[in-house]
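Read the structure below first, then the notes.
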Amino acid sequence: MSLLSNLNPQQREAVKYLDGPLLVLAGAGSGKTRVITRKIAFLIADCGYDPRAITAVTFTNKAAREMKARVGELLEGKTGQGLTVCTFHALGLTILRREAKRLGYKPSFSVLDAADTQAILSEITKAPDKGTLRQAAAVISNWKNALITPDQAQQVAADETERQLAVAYRAYQDTLRAYQAMDFDDLIRLPVELFRCDAEAREAWQNRMRHLLVDEYQDTNGAQYELMKLLTGPLGRFTAVGDDDQAIYAWRGADIENLKRLAEDYSRLKIIPLTQNYRSCQRILRAANSVIRNNPRVHEKNLWSELGIGDPIQVVRCKDDRNEAETIAMRISAHKFEHRTRFADYAVLYRGNHQARLFEEALRAAKIPYVLSGGQSFFDRAEIKDLTAYLRLIANQDDDPAFIRAATSPKRGIGPTTLEKLGQYAAERHCSLFEAAFETGLQSRMAAKQLEPLIEFGNFINRLAFRAPKEPAGRLLQELLAAIRYEEWLYDTEDERAAKAKWGNVSEFVDWLSKKGEEDEKSLIELTQTVSLMNLLEGRDEAELDAVRLSTLHAAKGLEFPHVILAGVEEDILPHRECQEGSRLEEERRLMYVGITRAQKSLTLTCCGKRKKGGDWVVCEPSRFLDEIDSAELRHSGQEDDSAAAREAGRNRLANLKAMLAANK
DNA sequence: TATGTCCTTTTTTTT
DNA sequence: AAAGGACATA
């Protein structure tokens, strides 16, 4: 079977087009993944490209894994060895591991997670509370994603707060460098910096890369766009696939302007729109279209479908949030029984992770199996962070955050006061905590009782670091865990259930690492360097599992389900309380659009009359986005709301709506 | 000085 | 519910 069969004319053109830069504007459910995977296979099998010369960039590790698997199927044995499919961040990491020396980093640099970077920033800014800290982190991250240096930030700073933040930005970068560490933003920013000033490195990578495919292009940020340009050279050997209506990551620095910029920067840019939807019934599509119509759009497109009209969209009003979860569980049970479907045909989507808890409880009570996606990642778990701290420290002794974490968990007599003293001494000597622990100068300032565990810990790490390059990773890991008596410590400090779960996670992680070490013949240090960006739980036989999917709207992007329940369609949730106007409201609307367009056959929207927030009850009103769907498409059901407050809220909404309509005319 | 316990407070989305 | 802070204990 040809790689060009079973494609519509637009899809086929997008697959075949190789004359220059290409932008595929792919509406929801229009088969964009199919275009990308076919194109990769087409390039390799029909055009004779070396797989190593092709790179495809996706938005999540999971999407990358799936895409790689699909290309493998298409190639039917023809080897796709050497093909790169990964996230922008993983691509940046690969480049940096290779080229670290050119940037003044050692190749075993660490990659810090959000918790570590926030801790560093907290030290620097002395931010009074968590909110301020988050804001500071966001501002600096935005600067980095827009490729603004600390110097430039200082110059463009508009007010005193920003000037202070620019100073903090500089200190933050200096600290990272001292630790031989990078944050997520650096993984994009530094390759750009490298390619901008090092022509030799740039040309080497450009020559290697004959074609770059970028998925979810609408969610790229300034730095990612620049990296893409630098990698594909002046000819623009790329295929970018995106949908401006599904841009939902502006808060993370993604810039929809990148879509316009592409046409400006590449005059030869070819644009192919995909407008036929193969996913959803017409009612669902009409609802989606009528919601997104309220946004100003760059590329107006009208998505259409040949699939049947479908059922009306259900709107279910519930008494409160607990009742909402129970209702959803009940309706899934009933629907499954009635239509003889599988649990995996259902997804419950919501705005915030915290909403998941009630759904988990209700589904468990109803004996409905579920899988949670999004939410806390495997690598955010305390026990995994502990273990990776050891690994990081073994690979890179300059990594102070890793030193602090490893030295204090499990507890071994090193406490805050000792660390404080050690930190002071290290700062004076301009060296790492690890180095400082061995300095004789420290001994005069510290009691032997404090010094002893410090030295012992240092020696322990030293021994492991010495053996790490030569010995099998699996054995070293087992030894490490035995030496720190991690399992024992877990059972001492946690209740049995939690300890068991945590030790299970650790074992899984160690097994996975050991296997990987054997397969790829990699040392512990090399393994550590790739671990930071992976997510184990994602993709772990999730596909075969017959379970209802619980997911945030963000994590649901790119997925589809026969039956979708969109929960908490309320003001202050969707749209979120902090996103009530302007471009932020538009992004919330796109989020609603993404949610609706996940559904193939049926869509249910739920909202509550009240919900528990913190300690007390808050009255909720239905989302304004509900009003944007033609009421002929909707069927209201569930409990009639009889609370006076909710009815009052409804009246207020109507009055507001009328006022807005009047104002618009 | 280190660590465990009990209390408070608090929730957007993620590579 | 989970994380951070204040206090008590070893």
Side-chain angles (χ1 to χ4, degrees), chain A residues 57-64 86-93 111-115 117-119 122 129-131 133-134 137-138 141 144-145 182-189 216 219-221 223-224 247-254 349-358 360-361 373-377 379-382 407-421 446-447 449-451 453 489 492-494 498 532-535 538 551-557 568 572-580 584 587-588 590-591 594-595 611-616 618:
Chain A
V57 175
T58 59
F59 201 66
T60 62
N61 288 310
K62 188 169 130 213
C86 64
T87 62
F88 255 116
H89 291 87
L91 178 63
L93 184 62
V111 180
L112 303 189
D113 65 15
T117 54
Q118 287 220 336
S122 164
D129 60 285
K130 223 167 140 191
L133 184 60
R134 279 169 82 113
S141 177
K144 295 178 81 163
N145 286 327
M182 301 179 188
D183 63 13
F184 282 128
D185 300 328
D186 285 333
L187 298 181
I188 313 293
R189 192 184 64 86
E216 308 284 6
D219 285 319
T220 55
N221 61 41
Q224 288 167 332
I248 52 175
Y249 282 94
W251 55 273
R252 212 178 81 181
L349 309 180
Y350 39 84
R351 176 67 230 264
N353 275 313
H354 63 282
Q355 289 173 268
R357 212 191 84 238
L358 284 173
E360 283 193 82
E361 279 171 23
S373 64
Q376 203 193 26
S377 99
F379 283 87
D380 282 339
R381 290 163 202 239
T408 54
S409 54
K411 304 291 175 215
R412 52 163 63 78
I414 301 172
T417 323
T418 308
L419 283 174
E420 182 62 33
K421 274 190 191 161
M446 225 181 250
K449 200 170 182 181
Q450 293 166 55
L451 198 66
W489 183 68
D492 279 351
T493 50
E494 313 267 345
S532 38
L533 289 178
M534 318 198 115
N535 195 326
E538 282 180 341
S551 169
T552 62
L553 284 164
H554 284 87
K557 192 169 71 159
D572 289 355
I573 292 184
L574 186 64
H576 192 271
R577 185 153 33 99
E578 311 286 305
C579 312
Q580 296 280 323
R584 312 195 75 188
E587 181 149 310
E588 296 295 301
R590 290 193 293 268
L591 210 43
V594 166
R611 62 173 69 232
K612 207 155 196 173
K613 244 179 185 173
D616 36 26
V618 179

When rounded to whole Å, the CZ to P distance for the pair A:Arg590 and B:dT13 reads 18 Å
Across all chains, not counting sequence neighbours, the salt bridge (Lys or Arg N to Asp or Glu O under 4.0 Å) partners of A:Arg590 are A:Glu587
Could I get a table of every N or O pair under 3.5 Å where one atom is in the protein and the other is in nucleotides 7-10 of chain C?
none

Taken to the nearest 0.5 Å, the spacing of A:Gln355 CD from A:Thr552 OG1 works out to 10.0 Å
Separation of B:dT15 atom C1' from A:Ile188 atom CD1, nearest Å, is 8 Å
The answer to which of A:Asp185 and A:Arg577 contacts DNA chain B further toward the 5' end, by nearest nucleotide, is A:Arg577
d(A:Met182 CE, A:Asp185 CG) to nearest 0.5 Å is 12.5 Å
The residue, A:Glu588 or A:Ala114, whose nearest nucleotide of DNA chain B is more 5′ is A:Glu588
Here the distance between atom C1' of B:dT14 and atom CG of A:Asn221, to the nearest Å, is 13 Å
Presence of donor-acceptor pair under 3.5 Å, side chain of A:His554 and base of B:dT13: yes
Between N or O atoms, less than 3.5 Å apart, protein on one side and nucleotides 1-6 of chain B on the other: list the pairs.
{"residue": "B:dA2", "atom": "OP1", "partner": "A:Gly415", "partner atom": "N", "Å": "3.4"}
{"residue": "B:dA2", "atom": "OP1", "partner": "A:Thr418", "partner atom": "OG1", "Å": "2.2"}
{"residue": "B:dA2", "atom": "OP2", "partner": "A:Thr417", "partner atom": "N", "Å": "3.2"}
{"residue": "B:dA2", "atom": "OP2", "partner": "A:Thr417", "partner atom": "OG1", "Å": "2.8"}
{"residue": "B:dT3", "atom": "OP1", "partner": "A:Gly413", "partner atom": "N", "Å": "2.8"}
{"residue": "B:dT3", "atom": "OP2", "partner": "A:Ile414", "partner atom": "O", "Å": "3.3"}

A:Leu591 CG to B:dT14 C1', in whole Å, measures 13 Å
By ring pair (Phe, Tyr, Trp, His ring centres under 6.0 Å), A:Phe59 pairs with (sequence neighbours left out) A:Tyr249
Residues passing the side chain to side chain donor-acceptor pair (under 3.5 Å) test with A:Lys557, sequence neighbours excluded, are A:Glu216, A:Asp219
Between CG of A:Leu553 and P of B:dT14 the distance, given in whole Å, is 10 Å
Residues at least two apart in sequence or cross-chain that pass side chain to side chain donor-acceptor pair (under 3.5 Å) with A:Arg412, listed by chain then number, are A:Tyr390
Side-chain contact check for A:Trp251: nearest option of B:dT15, B:dT14, C:dA1 is B:dT14
A:His354 atom NE2 is separated from C:dA1 atom P, nearest whole Å, by 13 Å
From CZ of A:Arg611 across to P of B:dT11 the rounded distance in Å is 17 Å
Taken in chain and number order and not counting sequence neighbours, the residues that satisfy ring pair (Phe, Tyr, Trp, His ring centres under 6.0 Å) with A:Tyr350 are A:Phe359
* Sugar-phosphate only, base, or nothing, as touched by A:Tyr249 at under 4.0 Å among non-hydrogen atoms -> sugar-phosphate
In whole angstroms, the gap separating P of C:dA1 from CZ of A:Arg381 amounts to 17 Å
Sorted by chain and residue number, the salt bridge (Lys or Arg N to Asp or Glu O under 4.0 Å) partners of A:Glu361 (sequence neighbours excluded) come out as A:Arg322, A:Arg357
Residue set satisfying salt bridge (Lys or Arg N to Asp or Glu O under 4.0 Å) with A:Asp492, at least two apart, ordered chain then number -> none
Legend entry - Base of B:dT15 and ring of A:Phe88 stacked, centres under 5.5 Å, planes under 30°: no
Which is true for A:Arg357 with a 4.0 Å heavy-atom rule: it touches a base, it touches only sugar-phosphate, or it touches nothing?
sugar-phosphate
Measuring to OP1 and OP2 of B:dT13, would you say a side-chain N or O of A:Asn353 lies under 4.0 angstrom away? yes
Side chain of A:Asp183, backbone of A:Asp186: donor and acceptor closer than 3.5 Å? yes
